[in-house]
Amino acid sequence: VVAAKIDMRRFEVAIAGQELMTRDTVTLRITLSVEYAIEDAALATTRVANVRDALYLAVQLAARDFVAGVTLAELLEGRDAMAKYLESKVVPQAVRFGVRVEAVGIKDVVLPGEMKTLLNRVIEAEKEAAANVILRREETAATRSLANTARVMAEHPVLLRLKELEAMKEIAERIEEV
């Protein structure tokens, strides 16, 4: 009989700097973490040579699968979706070798410098386009208001004459002497 000392405390493993490529061919670096504890010492010692390495590989492969199936925008918007995906893939594997996974998370998503610059330009262009839409909407509303005013004045010539007199009154108020 061989006795082995197994530490059953909770551990955290950092899966640092995984270079991954998204579906839209953007390369990025992701740092992940997994918190786990050995639940069944017999399984943990017989099913895998090293629990830490087995978890590291399981998280790494699951991350590659997820990132390869999404675009950069989907990844940045849905970090929670990635964490859930990783848990759904890693937890069942870990149970098979006697490990309870507490959490799998994304620590960092790092884009290369040129990609950050490009992404900032895209965001700036989107904001500018949105501002242009608002400006055009306001111009359309102003033009529509002018058209309505012109129609009312065409239908009621007395209103046009009143507007003329009002304009003359404003001009006359600015004249010092007559």
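The figures that follow rest on heavy atoms only: side chains count, while hydrogens, waters and symmetry mates do not. Please read all numbers here as calculations on a predicted model, not as lab measurements.
- Interatomic distance, Glu128 CD to Glu124 CD, rounded to the nearest 0.5 Å: 6.5 Å.
- The CD atom of Glu139 sits 9.0 Å away from the CG atom of Asn132 when rounded to the nearest 0.5 Å.
- Ala14 and Tyr56 make their closest contact through O-CE1, 3.7 Å (heavy atoms, listed as atom of the first residue, atom of the second, distance).
- In this structure, Arg79 CZ and Lys84 NZ are separated by 14.5 Å, a value rounded to the nearest 0.5 Å.
- A donor-acceptor contact shorter than 3.5 Å links the side chain of Arg47 to the backbone of Arg96.
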Validation: residues 34-41 side-chain donor-acceptor distances under 3.5 Å, sequence neighbours left out:
from  : atom 1 : to     : atom 2 : distance (Å)
Glu35 : OE1    : Arg10  : NE     : 3.1
Glu35 : OE1    : Arg10  : NH2    : 2.0
Glu39 : OE2    : Arg100 : NH1    : 3.1
Asp40 : OD1    : Ala42  : N      : 3.1
Asp40 : OD1    : Leu43  : N      : 3.2

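- Distance alone, capped at 3.5 Å, is enough to place a donor-acceptor pair between the Asp7 side chain and the Arg9 backbone.
- In this structure the side chain of Leu20 never reaches within 4.5 angstrom of the side chain of Phe66, judged on heavy atoms.
- Within the 4.5 Å cutoff, the side chain of Glu19 has heavy atoms near those of the Thr27 side chain.
- Nearest heavy-atom pair, Ala54 versus Val48, reported as atom, atom and distance to 0.1 Å: CB-CG1, 3.9 Å.
- Checked for salt-bridge contact, Glu164 and Arg161 meet the test: a charged N lies under 4.0 Å from a carboxylate O.
- Between Ile30 and Leu28, the shortest heavy-atom contact is CG1-CD1, 3.2 Å.
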_Let's go through Leu55 and Phe97 carefully: what are the C-alpha distance in whole Å and the side-chain angles of both, what is the deciding distance for side-chain contact (heavy atoms from CB on, under 4.5 Å) to 0.1 Å, and is it a yes or a no?_
CA-CA 10 Å; Leu55 273 175; Phe97 52 85; 4.3 Å; yes
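- Salt bridge status for Glu166 with Lys169: absent, with no side-chain N to carboxylate O gap under 4.0 Å.
- With rounding to the nearest 0.5 angstrom, the CZ atom of Arg151 is 9.0 Å from the OG1 atom of Thr149.
- Residues Thr25 and Met21 come closest through the heavy atom pair CA-CG, 3.6 Å.
- Of the candidates Arg23, Glu74, Met82, Met82 is the only one forming a side chain to side chain contact (heavy atoms under 4.5 Å, CB included) with Val67.
- Rounding to the nearest 0.5 Å places CG of Leu76 at 4.5 Å from CG of Leu72.
- If you chain together hydrophobic residues whose side chains sit under 4.5 Å apart, Val90 and Leu61 never meet in one group.
- Linking Ile, Leu, Val, Met, Phe, Trp and Tyr whenever their side-chain heavy atoms come within less than 4.5 Å puts Ile6 and Phe11 in one cluster.
- Ion pairing of Lys107 with Glu12 is present here, as a side-chain N (NZ or NE/NH1/NH2) and a carboxylate O approach within less than 4.0 Å.
- When side chains are defined from C-beta on, Val133 counts as touching Arg137, because their heavy atoms get closer than 4.5 Å.
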*For Leu160 and His156, run side-chain contact (heavy atoms from CB on, under 4.5 Å): C-alpha distance rounded to whole Å, both residues' side-chain angles, the deciding distance at 0.1 Å, then the answer.*
CA-CA 7 Å; Leu160 180 59; His156 305 284; over 6 Å; no
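- Side-chain atoms of Ser145 never come within 3.5 Å of backbone atoms of Ala141 as a donor-acceptor pair (strictly under, hydrogens ignored).
- Distance check: Asp80 CG to Ile106 CD1 gives 7.5 Å after rounding to the nearest 0.5 Å.
- Taking both residues in full, the closest heavy atoms of Val101 and Ala94 are given as CG2-CB, 3.4 Å, listed atom of the first, atom of the second, then distance.
- Residues Val95 and Val99 share a single hydrophobic cluster, defined by chaining ILVMFWY side chains whose heavy atoms lie under 4.5 Å apart.
- Closest heavy-atom contact between Leu32 and Ala63: CD1-CB, 3.5 Å.
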